[in-house]
Amino acid sequence: MRNSPMAPPRSFLWTRRVFLTLLAGFVLTPVYVMVSSSLKPLADVTGRFRWLPSELTVRPYIDIWSTVPLAKYFVNSLIVAGAATVCSVVIAVFAAYAVSRYDFPGKRVFTVTVLSTQMLPGILFLLPLFLIYVNIGNLTGIALFGSRGGLILTYLTFSLPFSIWMLIGYFDSVPRDLDEAALVDGCGPLGALFRIVVPAAVPGIVAVAVYAFMTAWGEVLFASVMTNDTTRTLAVGLQGYSTLYDVYWNQIMAASLVVSVPVVAGFLLMQRYLVAGLTAGAVK
């Protein structure tokens, strides 16, 4: 049977297969090294690398919880990332809905300001936030520096601008006729938002939530400065496996895999909504 006139040539298909195979090998090789190293004794990891482990052990997955207080760091990361995600989504929904549906003085300035904050590297905010938190603590007694609350506020400064900008585009793609129909049926502005717009914008909201969670979960710079031994998060706590006398490489690999489980699981569960949310408004 002849190929369809629109079918790509066979050389293209083979080239694509070879390229995708090489790309998959490039991506999966580090993952295999992490998994195999996490199942080796420390002596095998620090010695000459072998693709096939001479001995398999799950001991590193047991020792990671006692070498450093990983459970405490895990709880801190969940609280900080979860609170930052909820706050980002709630605030971004109201802000984006106001910008998308209403005209008010300074609307354009607000939108441009939100976008302009994304052009600045995060390290520029480190010293100002540190001084602000210390001064607030000295003046009011509210301990923001070294607390989970201060770290949550810090992450909001990064996730909120992008979240608002992204939801504005998604809310713009929801027909305003739905809002007007809800208002005719007796709903107020908040009723139209929560009964009509939010259900229609679930993919965009999920995309914002995943972005905010991943931003807070893996952040290192601000977590290393704004936390102490009590509020330290996972991204900083993994440094505890490197001591003055030794580096527990097998435990580092095991802990890294354990830390990545929530993010990977959440991404796989929300992948359908995430893709739909990121591509919202691309075609109108």
Side-chain angles (χ1 to χ4, degrees), residues 73-100 106-107 109-137 139-171 193-194 198 201-202 204-228 230-237 259 262-263 266-267 270 273-274 277-278:
Y73 300 156
F74 205 96
V75 172
N76 289 337
S77 291
L78 283 177
I79 294 175
V80 171
T85 300
V86 172
C87 293
S88 293
V89 170
V90 172
I91 298 175
V93 165
F94 285 105
Y97 183 73
V99 174
S100 175
K107 174 180 177 179
V109 175
F110 173 79
T111 306
V112 173
T113 303
V114 167
L115 289 177
S116 63
T117 58
Q118 299 299 297
M119 297 186 297
L120 302 175
I123 194 172
L124 292 179
F125 299 97
L126 181 60
L127 183 58
L129 285 175
F130 172 79
L131 295 177
I132 291 173
Y133 288 173
V134 171
N135 289 329
I136 290 177
L139 294 175
T140 65
I142 301 175
L144 292 177
F145 177 74
S147 66
R148 296 170 179 166
L151 196 58
I152 293 170
L153 290 176
T154 301
Y155 291 153
L156 285 177
T157 61
F158 299 106
S159 60
L160 258 182
F162 180 80
S163 301
I164 294 173
W165 174 77
M166 185 174 178
L167 284 182
I168 288 174
Y170 203 95
F171 286 170
L193 171 62
F194 289 111
V198 169
V202 167
I205 295 174
V206 170
V208 166
V210 172
Y211 167 78
F213 186 85
M214 293 180 65
T215 300
W217 185 263
E219 201 280 326
V220 177
L221 176 62
F222 287 87
S224 62
V225 176
M226 299 293 187
T227 59
N228 51 35
T230 304
T231 59
R232 190 166 295 161
T233 59
L234 281 171
V236 182
V259 167
V263 176
F267 179 82
M270 303 296 181
Y273 297 103
L274 181 62
L278 291 175

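- Pairs passing the side chain to side chain donor-acceptor pair (under 3.5 Å) check and including a residue from residues 140-149, sequence neighbours excluded, read Asn76-Arg148.
- Residues satisfying the side chain to side chain contact (heavy atoms under 4.5 Å, CB included) criterion with Ala95, sequence neighbours excluded, are Ile164.
- Within the structure, side chain to side chain donor-acceptor pair (under 3.5 Å) pairs that include any residue of residues 159-168 comprise Ser88-Ser159 (at least two apart or interchain).
- Residues satisfying the side chain to side chain donor-acceptor pair (under 3.5 Å) test with Thr227, not counting sequence neighbours, are none.
- Residues satisfying the side chain to side chain donor-acceptor pair (under 3.5 Å) test with Thr231, not counting sequence neighbours, are Asn228.
- Considering all non-hydrogen atoms of both residues, Tyr155 and Ala84 come closest at CB-CB, 4.2 Å.
- Residues forming a ring pair (Phe, Tyr, Trp, His ring centres under 6.0 Å) with Phe222 (at least two apart in sequence, or on another chain): Phe158.
- The line from CG of Asn135 to CG of Leu144 is 11.0 Å long, rounded to the nearest 0.5 Å.
- Within the 4.5 Å cutoff, side-chain heavy atoms of Trp217 are placed close to those of Leu78.
- For the residue pair Val236 and Ser224, the shortest heavy atom distance occurs at CG2-N, 3.5 Å.
- In this structure, CE in Met226 is found 10.5 Å from CG in Leu153, a value given to the nearest 0.5 Å.
- Phe94 has its side chain within reach of Leu193: a pair of non-hydrogen atoms, C-beta onward, lies under 4.5 Å apart.
- Distance check: Arg232 CZ to Leu151 CG gives 12.5 Å after rounding to the nearest 0.5 Å.
- The minimum heavy-atom distance between Ala235 and Val220, with the atom names listed, is CB-CG2, 3.8 Å.
- Remark: Thr113 pairs with Val109, Ser116 by the side chain to side chain contact (heavy atoms under 4.5 Å, CB included) rule, at least two apart or across chains.
- With sequence neighbours left out, the side chain to side chain donor-acceptor pair (under 3.5 Å) criterion links Ser77 to no other residue.
- In this structure, the separation between CG on Leu167 and CD1 on Ile205 is 6.0 Å, given to the nearest 0.5 Å.
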Check residues 119-134 and write down every donor-acceptor pair under 3.5 Å in which the side-chain atom is one partner and the other belongs to a residue at least two apart or another chain.
| unit_1 | atom_1 | unit_2 | atom_2 | d |
| --- | --- | --- | --- | --- |
| Tyr133 | OH | Gly150 | O | 3.1 |
| Tyr133 | OH | Thr154 | N | 3.4 |
| Tyr133 | OH | Thr154 | OG1 | 3.0 |

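- Among all heavy-atom pairs drawn from Phe171 and Ala201, the shortest one is CE2-CB, 3.4 Å.
- Evaluation of the side chain to side chain donor-acceptor pair (under 3.5 Å) rule for Tyr97 yields Asp179 as partners, not counting sequence neighbours.
- The side chain to side chain contact (heavy atoms under 4.5 Å, CB included) test applied to Thr215 returns Tyr211, not counting sequence neighbours.
- The side chain to side chain contact (heavy atoms under 4.5 Å, CB included) search around Val86 returns Val90, not counting sequence neighbours.
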